[in-house]
Amino acid sequence: MSEKIRVLLAKPGLDGHDRGIKVIAAAFRDAGFEVIYTGLRQTPEMIVNAAIQEDVDVVGVSILSGAHMTLFPAIRKLLDEKKANDIILFGGGIIPDEDIRALEKMGINKLFTPGATTEETVQYVREAVAGRKKDERIM
Amino acid sequence: MEADAEAYLDEIERRGGVVKCIEEGYLQREIANAAYRYQKEIEKKERIIVGINDYVMEDEEIQIPILKIDESVEREQTEFMKSIREKRDNDKVARTLEDLKTAAKGDGNTLKAILDCVRVYTTEGEIIDALRPIFGEYIEPPII
């Protein structure tokens with residue numbers, strides 16, 4: 001791949017559990033991605049603004065607070081409203097299966113739960129970005 | 001292990017002490033690096049955790065009942081807060097908040113002032129709003 005994949009990693013809301021997202025950040029960096037990490041306690045607005053400003057391909061959000069049914073759709077909606085609907089949104093956290101199915105229907109492209117390996121997430125991002133670039137060429 | 005711990009303490013000293021290490025993100029980075037190392041060890045099976053990366057039951061299904069909080073809880077709490085604000089003595093609230101600000105600006109006892117606030121049903125939000133302009137707000141630097 002010629003261009004580096006750019007990823008914004010974010011922790012929204014009142015959730016201080018950042019061990020996982022830091023592991024993902026390190027794995028993504030080792031995989032050759034450009035990683036930007038927002039830090040804790042971000043609002044959906046802050047995350048979407050950072051994503052647009054940094055011109056990222058992918059936004060990865062970590063939610064372990066239980067507020068995923070509110071926060072994920074809010075971020076997706078703002079991305080779409082700001083015409084950044086080409087940005088891939090994925091996430092990870094402790095999210096029940098039925099919620100994952102509902103969120104995937106709302107355009108949250110992929111959700112990882114405990115037990116996922118760093119390799120799976122790297123692989124997912126590579127394929128998702130490659131798939132998007134292919135779509136762009138067709139259009 | 002003792003020698004490793006000693007080496008760490010020396011390194012922290014060499015970098016100017018714990019506070020400086022936190023401010024410069026050294027400690028946070030060490031913790032994040034250790035977490036990443038740990039995860040890689042699990043994935044490469046260099047570290048075995050039974051049930052996670054060895055002796056895993058392939059088709060195990062665990063049914064955990066999920067606690068769902070209904071949205072009515074938020075409405076009820078909002079209503080409750082509204083009624084508290086109407087029933088409490090708002091002059092006393094204003095007075096205790098002023099005393100808190102005075103204590104926070106000087107070297108007064110803020111804990112006593114906070115207790116005086118809550119005794120007259122000042123809310124946590126009001127207390128924090130009073131303190132925030134004086135103390136500022138800590139924002140953790142994002143370190144990866």
Side-chain angles (χ1 to χ4, degrees), chain A residues 7-12 14-31 33-43 46-47 50 54 60 62 65-70 92-102 112-123, chain B residues 22-75 77-78 124-125 128 132 135-144:
Chain A
V7 184
L8 181 83
L9 294 176
K11 287 282 317 177
L14 298 174
D15 172 10
H17 302 96
D18 57 2
R19 182 181 169 104
I21 200 162
K22 286 182 174 180
V23 167
I24 293 297
F28 281 6
R29 215 165 30 196
D30 277 1
F33 302 169
E34 199 80 56
V35 180
I36 301 131
Y37 173 47
T38 61
L40 299 175
R41 289 176 53 207
Q42 303 288 300
T43 64
M46 288 155 86
I47 293 167
E54 297 283 353
S62 154
S65 63
H68 48 267
M69 294 309 281
T70 311
I94 301 177
I95 303 167
D97 289 343
E98 54 176 285
D99 289 352
I100 291 179
R101 284 191 291 273
F112 293 96
T113 52
T117 64
T118 55
E119 225 161 284
E120 283 169 49
T121 60
V122 167
Q123 191 66 19
Chain B
I22 293 171
E23 282 167 358
E24 289 177 356
Y26 170 70
L27 293 188
Q28 295 92 317
R29 232 173 346 256
E30 285 295 294
I31 293 167
N33 288 343
Y36 184 40
R37 212 158 48 230
Y38 185 90
Q39 177 64 25
K40 279 204 292 196
E41 284 167 11
I42 289 173
E43 289 180 11
K44 289 183 189 156
K45 297 200 177 192
E46 290 166 4
R47 178 190 289 268
I48 296 299
I49 300 173
V50 172
I52 298 287
N53 60 358
D54 208 353
Y55 299 102
V56 181
M57 289 167 68
E58 285 303 337
D59 45 10
E60 185 182 27
E61 266 203 41
I62 308 169
Q63 293 294 341
I64 301 170
I66 296 166
L67 172 70
K68 299 225 173 203
I69 309 294
D70 194 79
E71 280 174 27
S72 64
V73 175
E74 184 186 341
R75 276 199 301 278
Q77 185 65 13
T78 313
E124 197 179 323
I128 293 167
R132 195 181 282 115
F135 291 135
E137 198 173 358
Y138 178 71
I139 296 167
E140 194 201 54
I143 292 157
I144 52 172

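Heavy atoms only: backbone and side chains are in, while hydrogens, waters and symmetry mates are out. Quick note on labels: first sequence line is chain A, next is B, and so on, each numbered from 1.
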Cut-off 4.5 Å, heavy atoms of chain B, and the answer for Ala10(A) is neither
Are the side chains of Asn53(B) and Ile48(B) in touch, meaning some heavy atoms are under 4.5 Å apart? yes
- Query: Under 3.5 Å, side chain of Glu43(B) to main-chain N/O of Thr118(A), donor-acceptor pair present?
  - Reply: yes
Under 4.5 Å to a heavy atom of chain B? For Asp99(A) that would be side chain
- Message: Any heavy-atom pair between the side chains of Asp18(A) and Ser62(A) that's under 4.5 Å?
- Response: no
In terms of heavy-atom pairs under 4.5 Å with chain B, the winner among Ala26(A), Gly39(A), Gly115(A) is Ala26(A)
Practice item. Verify, without hydrogens or angle tests, whether Lys11(A) (side chain) and His17(A) (backbone) share a donor-acceptor contact under 3.5 angstrom. Key: yes
Honestly, the part of Ile52(B) sitting under 4.5 Å from a heavy atom of chain A is neither
